[in-house]
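Structure first, then comments.
Hydrogens, waters and symmetry mates are skipped; everything else that's a heavy atom, side chains included, is used. Letters A, B, ... are given to chains in the order of the sequence lines, protein chains preceding strands, and every chain is numbered from 1.
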2 protein chains.
Amino acid sequence: MSQDSRPAGDLRKTGMSLQHDREWDYELDRVISAVDERGAETVGLQFPEGLKRRGPGVADDLRDILPEDVSVLISGQPCYGACDLDTELMRRSDVFVHFGHSPMKESESIIYVPLFSNVEVEPIIESAMGTELPDPDADPDVGLVTTAQHMNKFDGMKAQLESEGYTVHTRRGDERLTHEGQVLGCNYASADIDAEQILYVGGGKFHPLGLAMEHQDKHVVIADPVNNTVSVAEPDQFLKERYATVHKAMDAETWGIIYCTKIGQGRWEQAKEIVDDNDNAYLITMDEITPDRLLNFGLDAYVNTGCPRITTDDGPQFDSPMLTPGEYRIAIGEKPLEELEFDTFHGTW
Amino acid sequence: MSQDSRPAGDLRKTGMSLQHDREWDYELDRVISAVDERGAETVGLQFPEGLKRRGPGVADDLRDILPEDVSVLISGQPCYGACDLDTELMRRSDVFVHFGHSPMKESESIIYVPLFSNVEVEPIIESAMGTELPDPDADPDVGLVTTAQHMNKFDGMKAQLESEGYTVHTRRGDERLTHEGQVLGCNYASADIDAEQILYVGGGKFHPLGLAMEHQDKHVVIADPVNNTVSVAEPDQFLKERYATVHKAMDAETWGIIYCTKIGQGRWEQAKEIVDDNDNAYLITMDEITPDRLLNFGLDAYVNTGCPRITTDDGPQFDSPMLTPGEYRIAIGEKPLEELEFDTFHGTW
């Protein structure tokens, strides 16, 4: 499957868009200190998909400075978040560095390098205030959320809104989130605030669509500083796709229930509960959840208890319907269709 | 990538061809005893690609007999050999069952169920003797090899050849192979015998092509009892492809050196040696080696130190040239083109 053939909502092209040739601060001094302190012989580096291309260059920079007998290994496993640590490479590395995401859980054995964006956010927030975000006189309450890569500018965003007369509502969300105001593709708990409208500052369609699906009663304004656009999230098309998929799955007799073995993507209880209650459901374990892998089993429908975004964003690429755990309850008639909601992921590991 | 789009030499369609609706003996009594002895709560099942479809049925049979509180988990990871154990599922299972391959290394924590084929081999060996295999009067010496799934008939094959006047040469190969006369897709040490001709009994093109490439000086006759055909292995097309790929890689400036993390597919020393000697080579670790995963790195060429068959059989699907470690030495000018040979894998883990 080439990157080009992927539909909107692609996990790989967002968040870390390469449209701007940004320079990141890889914080190599932290890596070098750790190698020195631990007398490390192997350093493992893990990059998200959009930054893998920078891996060899970062390895070059490290090899120039590190003693010659230190091996630098780059993870070739797909990586879509801090939930997605290459635990195999971790085991093989004396120092393990995860680039591009904020920690889902602090650990002494992992160096997290967040790679904050250096794109300015003021101009696009200014645009949003003049257009899609109602005037503070009409409704001063606004929720503010952003992604890990813009977290370093969060206080500035808040101050900018307040200086124009808005009352800014923020919260940290739950333990899966590192920062106040941060959203993940699978967790929008930071947007559970007392305001009718939410301003999302960040790139891509991936996060705001999840946000709009999770908070269908709110007006979600997207201020995208990377593509320099302001828009309003419209989850209708996505919802229609979900309804269609659930309908198709209603005829299924056999079910594959996927338990994802990635460190931050496993929901064992949910998977187990379904299999325990349904004699025609089979528990299947895997890390990457792809159409190819499921095709071999030939079951009528699947339930993905791992990363919710694979179900909603990659779903149409699978040969059989793939549902979220909540959608499964609708498909088997345990819940009415109106209770269809976005699948979010809480907790760490 | 769908199964249909794969070229000849496909790893997934061979060995366990489903063209005949064979019934296998899953030896479930061994599994049930182990659950009982260990008081197991979880049973993990791993099937090769061609038999994954049988997984749910085998799970049904087990669940009918096992106590209700025992969970049966099926591996959704790709599996192409005994070198390819799902170690993640192993860790999560009290009893772990690997179907369809003979043990690469005996272990108390794994139940290997070989799944011997029930296809008769006498008729096709009879055909081979009358056609592609020279008359014993002309040359009585013949090497005999087969795959794991026909090993239960090996003594019969040998007796059949001897009764016609052949002198049958067999050997066990090395420690990677369980049985006398057994070949793997990556190891043909059992064919290192004192005979000009080798009779391979088994299905698919996968094994005999490797055999013919590894033993280019021998006459390799394929007696395929599954498709009921006799033929002679012709490695020329494959060799041409390899030469073309090596030529393309001669222009490469940057190299990705892949170290495979699958339990039986890692050749660390080979990977490390290349990276230590070449400043423009980067060590990349992964389990599944796919075009998608390498595309993100954007390097000029790759060397695969993991499963040799991925290089030779899937190679044309990769966007950049992918070489075996031996071919790399030719591409960088350390060895002449004439020394191109088939990459085989020795040792276990």
Side-chain angles (χ1 to χ4, degrees), chain A residues 1-3 12 42 44 47-53 55-56 59-60 63 68-69 71-78 86-89 91-93 254-256 258-262 268 271-272 275-276 279-299 319, chain B residues 1-3 12 42 44 47 49-53 55-57 59-60 63 68-69 71-78 86-89 91-93 254-256 258-262 268 271-272 275-276 279-299 319:
Chain A
M1 181 189 344
S2 81
Q3 292 204 339
R12 303 188 221 181
T42 52
F47 297 87
E49 296 315 284
L51 283 176
K52 278 207 162 53
R53 204 163 277 259
D60 277 341
R63 296 196 295 201
E68 210 168 310
D69 57 347
S71 293
V72 177
L73 291 77
I74 304 172
S75 170
Q77 297 294 108
D86 185 345
T87 49
E88 183 70 39
L89 182 54
R91 276 192 286 270
R92 291 170 195 270
S93 307
T254 55
W255 294 84
I258 302 164
Y259 171 73
C260 179
T261 56
K262 289 189 175 189
W268 175 252
K272 181 106 174 54
V275 175
D276 283 349
D279 284 347
N280 296 312
Y282 304 91
L283 202 48
I284 298 173
T285 66
M286 55 179 74
D287 51 9
E288 297 301 318
I289 301 163
T290 63
D292 255 22
R293 293 188 179 188
L294 297 189
L295 197 61
N296 286 326
F297 288 103
L299 297 166
D319 297 81
Chain B
M1 182 188 345
S2 80
Q3 292 204 339
R12 303 186 221 184
T42 52
F47 296 87
E49 295 316 284
L51 283 177
K52 278 206 161 56
R53 204 164 277 258
D60 277 341
R63 296 195 296 199
E68 210 167 310
D69 57 347
S71 294
V72 177
L73 291 77
I74 305 172
S75 170
Q77 296 294 109
D86 185 345
T87 49
E88 183 70 39
L89 181 54
R91 275 191 285 269
R92 290 171 195 270
S93 308
T254 56
W255 293 85
I258 301 164
Y259 171 73
C260 180
T261 56
K262 289 188 177 189
W268 175 252
K272 182 107 173 51
V275 175
D276 283 348
D279 284 347
N280 296 312
Y282 303 92
L283 202 49
I284 299 174
T285 67
M286 57 179 74
D287 50 9
E288 297 301 318
I289 302 164
T290 63
D292 256 21
R293 294 187 178 187
L294 297 189
L295 196 61
N296 286 325
F297 287 103
L299 296 166
D319 297 81

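For A/Leu299, the part sitting under 4.5 Å from any heavy atom of chain B is the side chain, from C-beta outward, and nothing else. Using a 4.5 Å cut-off between heavy atoms, B/Leu294 makes no contact with chain A at all. Contact of A/Trp268 with chain B is made through the side chain alone, with heavy-atom distances under 4.5 Å.
Side chains of A/Asp60 and B/Tyr282 form a contact here, defined as non-hydrogen atoms less than 4.5 Å apart. Taking 4.5 Å as the limit, every side-chain heavy atom of B/Thr290 sits out of range of all side-chain heavy atoms of A/Glu288. Using a 4.5 Å heavy-atom threshold, the side chains of B/Val275 and A/Ser71 count as separate.
By the 6.0 Å contact criterion, CG on A/Asp279 is open, its count of non-hydrogen atoms from other residues, nucleotides or ligands being 12 or less.
Looking at A/Lys52, A/Arg53, A/Glu49 one by one, the single match for side chain to side chain donor-acceptor pair (under 3.5 Å) with B/Asn296 turns out to be A/Glu49.
When every heavy atom of A/Thr285 is checked against every heavy atom of B/Leu73, the shortest pair comes out as CG2-CD2, 3.5 Å. Minimum interatomic distance between B/Met286 and A/Gln77 (heavy atoms only, all atoms of both residues): CA-OE1, 3.1 Å.
For B/Asp319, the side-chain contact (heavy atoms from CB on, under 4.5 Å) test picks out B/Pro291, B/Leu295, with sequence neighbours left out. For B/Arg92, the side-chain contact (heavy atoms from CB on, under 4.5 Å) criterion is met by A/Tyr259, A/Thr261, B/Glu88, not counting sequence neighbours.
Contacts with chain B were tallied for A/Gly298, A/Gly44, A/Ala271, A/Pro56; A/Pro56 has the most, counting heavy-atom pairs under 4.5 Å. With respect to chain A, the highest number of heavy-atom pairs below 4.5 Å among B/Gly55, B/Gly256, B/Ala59, B/Ser75 belongs to B/Ser75.
For the atom pair A/Asp287 CG and B/Asp86 CG, the distance stands at 8.0 Å (nearest 0.5 Å).
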**OP:** Verify side chain to side chain contact (heavy atoms under 4.5 Å, CB included) between A/Phe297 and B/Ile74, making sure each step is shown before the conclusion.
**Re:** CA-CA 10 Å; A/Phe297 288 103; B/Ile74 305 172; 3.6 Å; yes

